Number of protein chains: 2
Amino acid sequence: MSAPLQETKIRSASKEVVLGGMHRFCIIGERINPTGRRIFQDQLRAGDLSAIERDVKAQVEGGADVLDVNMGVPLTDEAELLAKAVTMIQSLTDLPICIDSSVVEALEAGLSAYEGRALVNSITAEDERMEQILPLVKKYDAAVIALPNDVDEIPMEPDKRLMLVEKIVRVATQEYGIALEDIVIDPLAMPIGADTTNGLATLETMRRIRDTYGLNMTCGSSNVSFGMPGRHTLNGTFLSMAMTAGLTSAIMDARTPEVVSTVKATDLLLGHDEWGSEWIMRHRQAQKAAQEAAAAVT
Amino acid sequence: MSAPLQETKIRSASKEVVLGGMHRFCIIGERINPTGRRIFQDQLRAGDLSAIERDVKAQVEGGADVLDVNMGVPLTDEAELLAKAVTMIQSLTDLPICIDSSVVEALEAGLSAYEGRALVNSITAEDERMEQILPLVKKYDAAVIALPNDVDEIPMEPDKRLMLVEKIVRVATQEYGIALEDIVIDPLAMPIGADTTNGLATLETMRRIRDTYGLNMTCGSSNVSFGMPGRHTLNGTFLSMAMTAGLTSAIMDARTPEVVSTVKATDLLLGHDEWGSEWIMRHRQAQKAAQEAAAAVT
């Protein structure tokens, strides 16, 4: 017997998104992040948050259900910046937010500014991270993304990852009173280019996490194709396989229609898109956009 | 414990293709078939087999590993036509052939003309079909595709389908001495547009056939998207999910690069493409073709 499937509820002031069960896959738009974007970093450092508006618009239009917000800019007060960004983004969209930082103070500032029920990104199985962040998750009634790695290593073997998931679940539920449904595991999708057995190991890990705990899962899907050609096809295909194995959300760039389409097709084939209405609507919108583009040319 | 994975070996005079185990997915090119093609039917009726050459070329270039050959033209001697087509195709390509007919005499004529070890398409769980065709499969040392439906119905419930698979396996191995590895099940992928639970039922059926028997499987993947928009994306996505559940081949049109690419990406992610060499080669060929096309324009 498999464990019952958990449902993770996150909310903005006016909109609820549910991960898991028979709900559609949750696309967590990943682009609101200055990592590796020098111009955006300079703007943020100068207190100019206007570029965020464009990124939010693009992710929403691409089909994001939730927005991941990271303000990790070196040499800034990340806590202040993240709080400001959260408030600003909530004025632009009603999508719930995934508050993303490696800095504990920034997570707290973001949570404190946020209206609704946030997703926190992230803890690991390291004792220190759990001690610092789980009390905040509890205090602000949030859900949390947890990575099954510890101080020593990112284990590849499904057995070891499952042991770390077991530790996370035990500590979070028993020591901090976090509900099982509010723990979202990121099973660490590793590049297939480094080792072609990585895909199977990740899929097995996902299947076992679903069957053992019924937990929701997320991952950064673009990692899988790192160093390989044809990345969009690999990323989309991986998501489809992973959804079949229990993945219920991903932190991904919603601006890539090929990948979003594959996710929507998988939702339909898994019975998560009743009557196929989402799939058919998406196709009609694409047709309409193509017709408008053609009309604009002539 | 799951059953060991079977390997089905089929051959032309000079080339062997293995389905299953850790081998790459087997693309059975489906286009050499006059069903629904009036001009092709008229040509064949007049004894003109020249159009076959173009279809063979297109399937081979698209990446077919095996060719499905069906010569079901009303008001012709299908047996004679199929035997001729098999001989002609074997002069054009070294790919093994899947001999496809609902007429027993045509299957026998095709098998008799074939050089190598063929795949026979197909039997059902109906007693009469098994009695007529399994002796031929044994006599010509072929492998056979079997559909889990009987006289009364095409059952949708995985339990019922598994019972029919059990019957097919029992009769074929015990009464006709066919090896388990030479039975390839087509678990009947039904249109998702008719009922959005069809996808999950098919995937569960596949998983159970793999885990219980380790049998190879095939399906006509384009069936799944019948009546829906965005068929290529749905077909490719379904194949990827089905491969994750144990599907090891499909009868499909190899001329659709989107679907073939998704199959190759899934092979890589399942660890069936060591070092990713097939994936990288495919990408390089596509790049080269695009460059040549661009050069031809300027």
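The sequence lines fix the lettering, A, B, ..., with proteins before strands; numbering per chain opens at 1. Here the structure is a predicted model, which means the values were calculated and not measured.
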Contact check, side chains of A:M241 and B:L270, non-hydrogen atoms, under 4.5 Å: yes

Heavy atoms of A:T196 and B:G276 approach each other most closely as CG2-N, 3.9 Å

Please classify the contact between A:L268 and chain B as side chain, backbone, both or neither, with a heavy-atom cut-off of under 4.5 Å. both

Would one find more than 12 heavy atoms of other residues, nucleotides or ligands at under 6.0 Å from atom CD of A:E16? yes

May I ask you to check whether over 12 heavy atoms, not counting those of B:M190, lie within 6.0 Å of atom CE? yes

Evaluate the side chain to side chain contact (heavy atoms under 4.5 Å, CB included) criterion for residues A:L269 and B:L203: first the C-alpha distance (whole Å), next the side-chain angles of each, then the deciding distance (0.1 Å), finally the verdict. CA-CA 9 Å; A:L269 291 161; B:L203 292 173; 5.9 Å; no

Side chain, backbone, both or neither: which part of B:T266 has an atom under 4.5 Å from a heavy atom of chain A? both

At a heavy-atom separation under 4.5 Å, does A:M243 approach chain B through its side chain, its backbone, both, or neither? neither

Nearest 0.5 Å please: distance from the NE2 atom of B:H283 over to the CZ atom of A:R231. 11.5 Å

Measure A:D273 against the heavy atoms of chain B and call it side chain, backbone, both or neither at under 4.5 Å. backbone

Below 4.5 Å, heavy-atom pairs only: which of A:S225, A:G193, A:A265 has the largest tally toward chain B? A:A265

At a 4.5 Å cut-off on heavy atoms, which part of A:T262 comes close to chain B: side chain, backbone, both, or neither? both

Below 4.5 Å, heavy atoms only, C-beta onward: do B:T237 and A:K264 meet side chain to side chain? no

For the interface with chain A, which of B:G199, B:G271, B:S240 has the highest count of heavy-atom pairs at distances below 4.5 Å? B:S240

Check the surroundings of atom CD in B:E274: do more than 12 heavy atoms from other residues, nucleotides or ligands lie under 6.0 Å from it? no

Check: B:W279 side chain, A:L234 main-chain N or O, donor-acceptor pair, under 3.5 Å: no

More than 12 heavy atoms of other residues, nucleotides or ligands under 6.0 Å from CE of A:M163: yes or no? no

NE2/B:H232: more than 12 non-hydrogen atoms of other groups inside 6.0 Å: no

Show the nearest heavy-atom pair for residues B:T233 and A:S261, with the distance to one decimal. CG2-O, 4.2 Å

